[in-house]
Amino acid sequence: MDLPPGTRPSPNIWHHTATYEIENRAVDPDGRLWSTLADLAHWDGRDVLDLGCGTGFHLPRFAETARSVVGVEPHPDLAALARRRTRRLSSVTVRQGTAQSVPLPDASVDVVHARWAYFFGPGCEPGLAELARVVRRGGVATVVDNDPTRSTFGGWFRRGYPEVDPDAVERFRSQHGWTRNPVDMGWRFTSRADLEAVVRIEFDAATADAVLAEHWAHHGDSPSGLEVDYAVNVWSRAF
């Protein structure tokens, strides 16, 4: 597989593309995340970069009103799926690349969207420098990331990824001019099997077993068991 230099493997979508599609459909059922993104960085009539676009799940949403949309994705197979998904959308282009080497000219986009693309923590200054290069003056970049300090999913995340220090992440981003915008969004699935499959691509087997056992013990067969409260941070920066 021909991957660009500096690519970081994704633990979920790279190996479980179909299940990740289920997860994407379950995310933000009430539109709170999308509403926050639109408030922070409206994209109507503007040029959008979706950085780490995966299979291009979000590209059609931006293309509804944006002037142009570019999806950048390091994994060639995912980029191919994104191209297939958007092949009838003339305003959308998909390119292979990374956050630290974005294949776009200087000052070429107005809005950047990066969702669960883990390159903006401490030590990832090259990705920040690339944003400063490609975003036009007056543009806005947004990064959606997990908030491990609250919500049911946040508790699961702390157990599965104890090495992630949310205080260090917040210090890093704040020092680089980013603002934290907390959002309570959620997961809403249509079946127990789908929820369990998604949990198992997000966590190691032991963590997944433990959190699922607790979840079903609490909810039983209630329809509420198909929902998980899930908090995220939308980090934003104006240029």
Side-chain angles (χ1 to χ4, degrees), residues 9-39 50 52-62 64 75 77-78 81-82 84-85 113-118 142-167 169 180-235:
S10 170
N12 42 39
I13 191 172
W14 278 30
H15 307 293
H16 308 279
T17 306
T19 303
Y20 201 81
E21 191 82 1
I22 294 171
E23 180 173 1
N24 271 329
R25 291 197 297 267
V27 164
D28 191 31
D30 299 314
R32 295 171 185 166
L33 178 54
W34 277 110
S35 178
T36 298
L37 289 168
D39 288 342
D50 189 355
C53 70
T55 62
F57 186 86
H58 303 106
L59 299 179
R61 177 72 175 261
F62 290 115
E64 289 175 2
H75 194 290
D77 294 344
L78 298 185
L81 290 172
R84 183 184 306 169
R85 187 193 294 270
H113 168 263
R115 188 179 299 212
W116 294 301
Y118 298 108
T142 59
V143 175
V144 181
D145 207 353
N146 294 310
D147 183 350
T149 67
R150 60 197 185 91
S151 80
T152 295
F153 185 86
W156 294 355
F157 188 87
R158 287 195 305 274
R159 292 167 67 172
Y161 300 94
E163 70 277 10
V164 176
D165 182 348
D167 293 332
V169 171
R180 185 174 73 91
N181 305 274
V183 180
D184 296 306
M185 46 158 225
W187 271 346
R188 185 178 298 154
F189 294 91
T190 58
S191 73
R192 175 171 176 156
D194 282 352
L195 188 156
E196 291 190 355
V198 168
V199 168
R200 293 192 183 282
I201 70 168
E202 293 293 349
F203 302 103
D204 63 83
T207 302
D209 286 344
V211 300
L212 286 171
E214 294 167 8
H215 182 74
W216 297 125
H218 178 72
H219 291 281
D221 293 326
S222 168
S224 64
L226 299 181
E227 299 191 21
V228 178
D229 60 295
Y230 190 147
V232 298
N233 292 318
V234 179
W235 295 92

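- Taken to the nearest 0.5 Å, the CD1 atom of I13 stands 11.5 Å off from the CG atom of D77.
- For the residue pair T152 and D229, a side-chain donor N or O sits within less than 3.5 Å of a side-chain acceptor on the partner.
- Nearest heavy-atom pair across S191 and L226 is C-CD2, 3.5 Å.
- Looking at V164 and R158, their side chains never come closer than 4.5 Å, going by heavy atoms from C-beta outward.
- Between the side chain of N12 and the main chain of Y20, no donor-acceptor pair closer than 3.5 Å is present.
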*Going through the distances and angles, do V27 and W116 end up as a side chain to side chain contact (heavy atoms under 4.5 Å, CB included)?*
CA-CA 12 Å; V27 164; W116 294 301; 4.0 Å; yes

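- Using a 4.5 Å cut-off on side-chain heavy atoms (C-beta onward), R200 and L212 make contact.
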Q: Decide side chain to side chain contact (heavy atoms under 4.5 Å, CB included) for R115 and L33; before the verdict, give the C-alpha distance in whole Å, the side-chain angles of both, and the deciding distance to 0.1 Å.
A: CA-CA 11 Å; R115 188 179 299 212; L33 178 54; 3.5 Å; yes

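- Under a 3.5 Å cut-off, the side chain of R159 and the backbone N or O of T207 do not form any donor-acceptor pair.
- At distances below 3.5 Å, at least one donor-acceptor pair connects side-chain atoms of H215 with backbone N or O atoms of G225.
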**Study point:** Verdict with supporting geometry, T36 and M185, side chain to side chain contact (heavy atoms under 4.5 Å, CB included)
**Key:** CA-CA 10 Å; T36 298; M185 46 158 225; over 6 Å; no

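- A pairwise comparison of heavy atoms in E202 and Y161 identifies O-OH, 2.5 Å as the closest pair.
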Could you walk me through whether L78 and T55 pass side chain to side chain contact (heavy atoms under 4.5 Å, CB included), step by step? CA-CA 5 Å; L78 298 185; T55 62; 3.8 Å; yes

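- Below 30°, between 30° and 60°, or above 60°: for W156 and W187 the angle between ring planes is between 30° and 60°, a tilted geometry.
- Contact detail for G54 and A82: the closest heavy-atom pair is O-CB, 3.7 Å.
- Residues N181 and W235 form no side-chain contact, since every pair of their non-hydrogen atoms from C-beta on lies 4.5 Å or further apart.
- Rounded to the nearest 0.5 Å, atoms NE2 (H113) and CZ (F62) are 4.5 Å apart.
- Of all heavy-atom pairs spanning R180 and N233, the tightest one is NH1-OD1, 3.0 Å.
- Atom NE2 of H15 sits in a crowded spot, with more than 12 heavy atoms from other residues, nucleotides or ligands closer than 6.0 Å.
- With hydrogens and angles disregarded, no donor-acceptor distance shorter than 3.5 Å links the side chain of D194 to the backbone of F189.
- Of all the heavy atoms in D28 and R32, the pair that sits closest is OD1-N, 2.8 Å.
- Considering only heavy atoms from C-beta on, T19 stays 4.5 Å or farther from E23 through its side chain.
- Side-chain contact check for E227 versus P29: every heavy-atom pair is 4.5 Å or farther apart.
- Side-chain contact, Y230 with N146: a donor N or O sits under 3.5 Å from an acceptor N or O.
- Between R192 and E196, at least one side-chain nitrogen of the basic residue sits less than 4.0 Å from a carboxylate oxygen of the acidic one, meeting the salt-bridge criterion.
- Remark: H75 NE2 to L81 CG distance equals 9.5 Å, nearest 0.5 Å.
- Atom CG in D167 sits 8.5 Å away from atom OG1 in T149 (nearest 0.5 Å).
- Between R85 and G56, the shortest heavy-atom distance links the atoms CD-O, 3.1 Å.
- Two residues are said to be in side-chain contact when any heavy atoms from C-beta on lie closer than 4.5 Å; D30 and R188 meet this criterion.
- Contact of the L37 side chain with the V144 side chain is registered, since non-hydrogen atoms from C-beta on lie closer than 4.5 Å.
- Rounded to the nearest 0.5 Å, atoms CG (L195) and NE2 (H219) are 9.0 Å apart.
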